[in-house]
Amino acid sequence: MTQWSGPTLIAVFAGFGLAFVLVVPYVAVSYRKRGELGLLRAIAAPAFLVYCFALVTYTLLPLPDIDGAYCAAHESLRHPVWNPLQFLDDMKQFNTGLLDNPALRQVLFNVAFFVPWGLFVRRLFERSIGFAIVSGFFVSLAIETTQLTGVWFLMECPYRLFDTGDLLANTTGAAVGALLAPVLRRSGRLRPADEPRPVLARRRLLGMVLDLIAVTLLGVVLSMIALAVQYVTKGTLQNNTLIDEVLGRWVPTAVLLLLVPLAGNGATPGQRAVMLTVVRADGRPPSVLQSLVRFLIGSGGYFILVGLDSGWTSLWLLAHLVFMIFTRGHRGLTGLVCRLSVVDTRAAVREPVAPPG
């Protein structure tokens, strides 16, 4: 693993890991604030998290073995470079072509490294050019200060150089990104957030994926709580398959995909996040019997097959995917069997639902 590949892998895995944890609330907030998620935002949000972790890993890693001998050999790192144009003198030390000059390439890298900051602040967070530039400056200042203080005095001495030239280059990069941001402006008319959107197959699929993520996360949390209780009471950690199955799969499935719809308007957490709900022909929420049948045919049946390690699981998924795509209103197999429709939450409160055909 090279010096660059290590920080890259850490940033990618940490960024997408955090995105996995935050995806359900992020989608829910986006739908309520803008009425939809949008392809650009769906890509930009996890990319921003990866980028933030990259800022940390590329500026702090790799960590050297810091001891008294290291600090004595790198005494110069205690003295910041206060001249932001010092790189011009540094360039003269290399007898190379302009584009091959290491000092210049380092400056250009620092500029390019903060271009995404300006883009994200302007397009993802919808802030002004001035805010993007100022925030880029302070983020860069925080990084340089962290390096100067040896990760805020956790290390015996600094192992990276505080350079005002880096501060200038990073801020310039943020400014460039902010100025380029209009290129990524969304096309088409931005509809009001409270205007109903059509129930599309991709929206239904997103709700299903969010349900799976929610069940997985709750299962992980419950399993970790069980392990913590086991360690406190018994002083040891032992793998318990029954607890893993019950707390890691069945309890989250029953709570999120059966009890939550029963206690609410019939929608699962994933459907709520994308502002979908399930109704009968007269617009009322599903009955208890309909909810139970829907659960057994749908998500409950899936997890039963997974628990039994059945070879029918893939066929089950394929069948539900086909019915979800090709049934009217994308109500899917469960909607067809239970005579239920999937509608936009905003439309459900405005007009009656046509009887399913």
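We're numbering straight along the sequence, starting at 1.
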Taking Q290's backbone N and O only, do any of them form a donor-acceptor pair with R339's side chain (distance below 3.5 Å, no angle check)? no
To the nearest 0.5 Å, what is the distance between CD on Q230 and OG on S223? 11.5 Å
Pairwise distance CZ(R32) to CZ(R346) - rounded to 0.5 angstrom: 8.5 Å
With a 3.5 Å distance limit and no angle check, can you tell me whether Y51 reaches the backbone of A11 through a side-chain donor-acceptor pair? no
Should V12 and F53 be regarded as members of a common hydrophobic cluster, given that ILVMFWY residues are connected when their side-chain heavy atoms come within less than 4.5 Å of each other, either directly or indirectly? no
Can you list the steps and then say if V27 with L206 is a side-chain contact (heavy atoms from CB on, under 4.5 Å)? CA-CA 9 Å; V27 172; L206 176 59; 4.2 Å; yes
Kindly give the heavy-atom pair with the smallest separation between T59 and V56, and that separation in Å. OG1-O, 3.2 Å
Heavy-atom donor-acceptor pair, R197 side chain to E195 backbone, under 3.5 Å: yes
Is any side-chain heavy atom of Y231 less than 4.5 Å from a side-chain heavy atom of L227? no
F295 and T253, any side-chain heavy atoms less than 4.5 Å apart: yes
Y70 backbone acceptor or donor facing H74 side chain under 3.5 Å: yes
Do L77 and C157 have side chains that get closer than 4.5 Å, going by heavy atoms? no
Kindly indicate, with the supporting measurements, whether the criterion side-chain contact (heavy atoms from CB on, under 4.5 Å) is fulfilled by S30 and E36. CA-CA 6 Å; S30 294; E36 57 190 33; over 6 Å; no
Mark yes or no for whether D211, through its side chain, and G270, through its backbone, hold a donor-acceptor pair below 3.5 Å. yes
Report yes if some heavy atom in the side chain of V21 is under 4.5 Å from a heavy atom in the side chain of L217; otherwise report no. yes
How far does CE of M155 sit from SG of C71, to the nearest 0.5 angstrom? 10.5 Å
Measuring only between side-chain heavy atoms, which start at C-beta, is F162 closer than 4.5 Å to V81? no
For F125, look at atom CZ and say whether over 12 heavy atoms of other residues, nucleotides or ligands are found less than 6.0 Å away. yes
Flag, side chain of T327 to backbone of G332, donor-acceptor distance under 3.5 Å: yes
What one should report as the nearest heavy-atom pair of R294 and C338 is N-SG, 3.7 Å
Smallest heavy-atom separation, A273 atom then V24 atom, equals CB-O, 4.2 Å
Would you indicate whether the side-chain heavy atoms of D163 and P80 approach each other to under 4.5 Å? no
If every non-hydrogen atom of E156 is compared with every non-hydrogen atom of I66, which pair is closest and at what distance? OE2-O, 3.9 Å
Please lay out, stage by stage, how F20 and F16 fare under the test ring pair (Phe, Tyr, Trp, His ring centres under 6.0 Å). CA-CA 6 Å; F20 184 82; F16 279 105; over 10 Å; no
Within 6.0 angstrom of D89 CG, more than 12 heavy atoms from elsewhere: yes
Check whether L200 and V343 end up in the same hydrophobic cluster, where Ile, Leu, Val, Met, Phe, Trp and Tyr are linked by side-chain heavy atoms less than 4.5 Å apart. no
So, R160 side chain and Q147 main chain: donor-acceptor pair closer than 3.5 Å or not? no
Looking at CE of M91 and CD of Q106, how far apart are the two atoms once the value is rounded to the nearest 0.5 Å? 13.0 Å
Which atom names give the shortest non-hydrogen contact between T172 and L168, and what distance separates them? OG1-O, 2.8 Å
So which heavy atom on R204 is nearest to which on L276, and how close? CD-CD1, 4.0 Å
Treating Ile, Leu, Val, Met, Phe, Trp and Tyr as nodes and any side-chain heavy-atom pair under 4.5 angstrom as an edge, say whether F114 and L124 lie in one connected cluster. yes
Show the numbers, then the answer: is there a side-chain contact (heavy atoms from CB on, under 4.5 Å) between M324 and L333? CA-CA 7 Å; M324 185 270 291; L333 179 60; over 6 Å; no
Does R202, at its CZ atom, have more than 12 non-hydrogen atoms belonging to other residues, nucleotides or ligands within less than 6.0 Å? no
Check whether any side-chain heavy atom of T334 lies under 4.5 Å from a side-chain heavy atom of H320, and answer yes or no. yes
When you measure from the side chain of W117 to the backbone N and O of C52, does any donor-acceptor pair fall under 3.5 Å? no
Examine distances only and state if a side-chain atom of T345 and a backbone atom of M275 form a donor-acceptor pair shorter than 3.5 Å. yes
Among the clusters formed by ILVMFWY side chains lying less than 4.5 Å apart, do F137 and V121 turn up in the same one? no
Treating Ile, Leu, Val, Met, Phe, Trp and Tyr as nodes and any side-chain heavy-atom pair under 4.5 angstrom as an edge, say whether L179 and V134 lie in one connected cluster. no
Would you check if R331 and V199 make a side-chain contact, meaning some heavy-atom pair closer than 4.5 Å? no
If only atom types and distance count, is the side chain of T164 paired as donor or acceptor with the main-chain N or O of W82 below 3.5 Å? yes
Rounded at 0.5 Å granularity, tell me how far CG in L210 sits from CE in M208. 11.5 Å
Working to the nearest 0.5 Å, report the span between CD1 of I133 and OG of S128. 8.5 Å
Is there a side-chain contact (heavy atoms from CB on, under 4.5 Å) between Y26 and V29? Walk through the geometry before answering. CA-CA 5 Å; Y26 175 76; V29 170; 5.9 Å; no
